[in-house]
Number of protein chains: 2
Amino acid sequence: MLFHTLLRAFGRMRQVMDGYFAQYGISGPQWAVLSILHRAEQEGKSSLRLTDLGQRLLIQPPSVTGVIDRIERQGLVRRLASQTDLRSRHVSLTDQGRQLVERVLPGRAQQIRSLFAGLSEPERAGLTSTLEKLESQLGQLASDAARTVRTKGPEPAEE
Amino acid sequence: MLFHTLLRAFGRMRQVMDGYFAQYGISGPQWAVLSILHRAEQEGKSSLRLTDLGQRLLIQPPSVTGVIDRIERQGLVRRLASQTDLRSRHVSLTDQGRQLVERVLPGRAQQIRSLFAGLSEPERAGLTSTLEKLESQLGQLASDAARTVRTKGPEPAEE
DNA sequence: GTAATTTAGTTAGCGCACAAACTTGTTAGG
DNA sequence: CCTAACAAGTTTGTGCGCTAACTAAATTAC
């Protein structure tokens with residue numbers, strides 16, 4: 001049962017990673033935001049719009065609002081007004097947030113390595129390439145499914 | 001980025017499958033309960049305890065309570081008292097629930113096939129075996145992590 | 001230049017996961 | 001026995017995802 005196996009493996013991985021982030025008082029989704037802001041900083045952008053953040057996280061606007069609310073309350077992040085667009089708000093790391101990211105990062109890499117420690121190098125490579133292929137095809141399928149909420153037996157992916 | 005790729009692929013899959021179940025007015029987790037009860041029936045058990053259900057679903061007791069509450073309200077499932085243990089409650093499919101399962105099942109198989117339609121047979125086989133290996137190792141790692149909420153650089157999985 | 005549309009973000013309300021604390025019933029130990 | 005420990009479920013409160021509906025600002029259309 002491929003689908004079921006993937007479901008279980010994924011659940012386990014999240015469990016392990018969430019446990020790691022919890023040591024620093026943050027959740028997985030909160031980490032995702034912090035790390036994206038950190039990477040943006042290194043690319044020269046000191047802040048991002050909420051919308052851009054949502055696109056990178058693959059989540060909808062209301063979910064972004066919620067996550068940002070919580071890490072802002074913790075003082076890890078700050079909302080700033082945009083000069084050019086009064087609707088828009090930018091988010092940037094506070095000093096405290098930046099320091100947290102830098103404390104979390106090295107151990108996180110370790111943790112991810114340990115997740116896949118049981119696999120050989122060729123296995124890891126095969127998994128990566130297969131998953132990438134899978135994901136690109138699921139992209140269309142997902143957007144199809146979002147619209148088609150009636151048909152019973154669709155046969156979209158042919159190749 | 002293996003971890004990230006897996007995360008994205010999984011998110012897409014859930015999106016597609018949830019869309020399918022939504023056509024029948026139920027969610028993914030609700031389907032999981034119904035299908036487990038259906039399989040149990042075919043193995044001769046007309047009902048399961050909430051605890052057993054939780055173990056098969058890999059979710060905690062309060063989550064089971066919630067999902068059952070909602071599908072019981074929809075009339076798909078029924079809570080029954082146990083003869084042998086007054087604390088325990090059993091859950092079984094109603095006629096309506098059983099009929100729903102039988103309507104959903106065939107299309108679901110189709111849907112799962114279409115998820116993986118972009119992969120060749122050897123790719124599917126490789127993915128399955130790698131994921132199974134991965135999952136078995138993550139089992140211990142997850143239970144370790146649940147206890148170890150202090151150490152920074154664990155090196156558990158060696159082989 | 002005003003009206004209609006689109007875009008950015010939030011609010012409201014729901015589903016589903018969790019941990020912690022609780023109730024009630026069962027089992028073990030003295 | 002009767003108390004202590006354990007087990008089955010539920011309640012409470014939180015996080016995070018969603019859709020639908022909203023406010024306010026920007027853009028486009030006319």
Side-chain angles (χ1 to χ4, degrees), chain A residues 7-8 10-19 21-22 25-34 47-55 57-74 76 79-91 142 145-147 149, chain B residues 7-8 10-19 21-22 25-34 47-55 57-74 76 79-91 142 145-147 149:
Chain A
L7 218 136
R8 290 167 59 96
F10 180 77
R12 295 297 197 188
M13 286 189 9
R14 210 183 38 187
Q15 202 176 337
V16 173
M17 293 310 292
D18 285 356
F21 297 128
I26 58 175
S27 68
Q30 289 171 4
W31 165 256
V33 172
L34 298 178
S47 67
L48 290 177
R49 298 189 317 157
L50 293 187
T51 298
D52 298 332
L53 218 39
Q55 278 167 358
L57 293 165
L58 299 180
I59 62 178
Q60 299 302 312
S63 309
V64 182
T65 296
V67 179
I68 300 297
D69 282 351
R70 285 180 288 270
I71 56 181
E72 186 176 33
R73 213 182 299 141
Q74 289 184 256
L76 301 173
R79 274 181 170 93
L80 306 165
S82 163
Q83 256 82 29
T84 60
D85 188 338
L86 293 186
R87 294 168 300 181
S88 173
R89 316 185 68 179
H90 288 225
V91 180
R147 251 173 291 102
V149 188
Chain B
L7 217 138
R8 290 168 59 96
F10 179 77
R12 295 297 196 190
M13 285 187 13
R14 209 184 37 188
Q15 203 176 335
V16 173
M17 294 309 293
D18 285 357
F21 297 127
I26 58 175
S27 68
Q30 289 171 4
W31 165 256
V33 171
L34 298 178
S47 68
L48 290 177
R49 298 189 316 156
L50 293 187
T51 298
D52 298 333
L53 218 38
Q55 278 167 358
L57 292 165
L58 298 180
I59 62 178
Q60 299 302 311
S63 309
V64 182
T65 297
V67 178
I68 299 297
D69 281 351
R70 286 179 288 271
I71 55 181
E72 186 176 34
R73 213 181 299 140
Q74 288 184 257
L76 301 173
R79 274 182 171 92
L80 306 166
S82 162
Q83 256 80 27
T84 60
D85 187 336
L86 293 185
R87 294 168 300 180
S88 174
R89 316 186 66 178
H90 288 224
V91 179
R147 254 174 288 103
V149 189

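Since this is a predicted model, take the numbers as computed values, not measurements. Protein chains get the first letters and strands the later ones, always in sequence-line order, with residue 1 at the start of each.
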Without placing hydrogens or testing angles, list every side-chain donor-acceptor pair under 3.5 Å for residues 59-70 of chain A, not counting sequence neighbours.
from: A/T65; atom 1: OG1; to: A/P61; atom 2: O; distance (Å): 3.4
from: A/D69; atom 1: OD1; to: A/R79; atom 2: NH1; distance (Å): 3.1
from: A/D69; atom 1: OD1; to: A/R79; atom 2: NH2; distance (Å): 3.0

Nearest atoms (heavy-atom pairs only) where B/Q74 meets B/G25: NE2-O, 3.5 Å
B/R8: partners by salt bridge (Lys or Arg N to Asp or Glu O under 4.0 Å), with sequence neighbours left out: A/E135
Integer-rounded Å distance: C/dT7 P and A/D52 CG: 14 Å
Sugar-phosphate only, base, or nothing, as touched by A/S63 at under 4.0 Å among non-hydrogen atoms: base
Protein-to-nucleotide contact annotation, 5' to 3' order, nucleotides 19-26 of chain C [B base; S sugar-phosphate only; - none; under 4.0 Å, heavy atom]: BB---BBS
Sugar-phosphate only, base, or nothing, as touched by A/P61 at under 4.0 Å among non-hydrogen atoms: base
Whichever of B/H90 and A/V67 has its nearest DNA chain D nucleotide further upstream toward 5': B/H90
Sugar-phosphate, base or nothing in reach of B/T65, heavy atoms under 4.0 Å: base
Residue mapping more 5' on DNA chain C - nearest nucleotide basis, B/P29 or A/V64: A/V64
Touch class at under 4.0 angstrom, heavy-atom based, for B/R79 against every strand present: sugar-phosphate
Out of C/dT10, C/dC16, C/dA8, whichever nucleotide has its closest atom nearest the side chain of B/S27: C/dC16
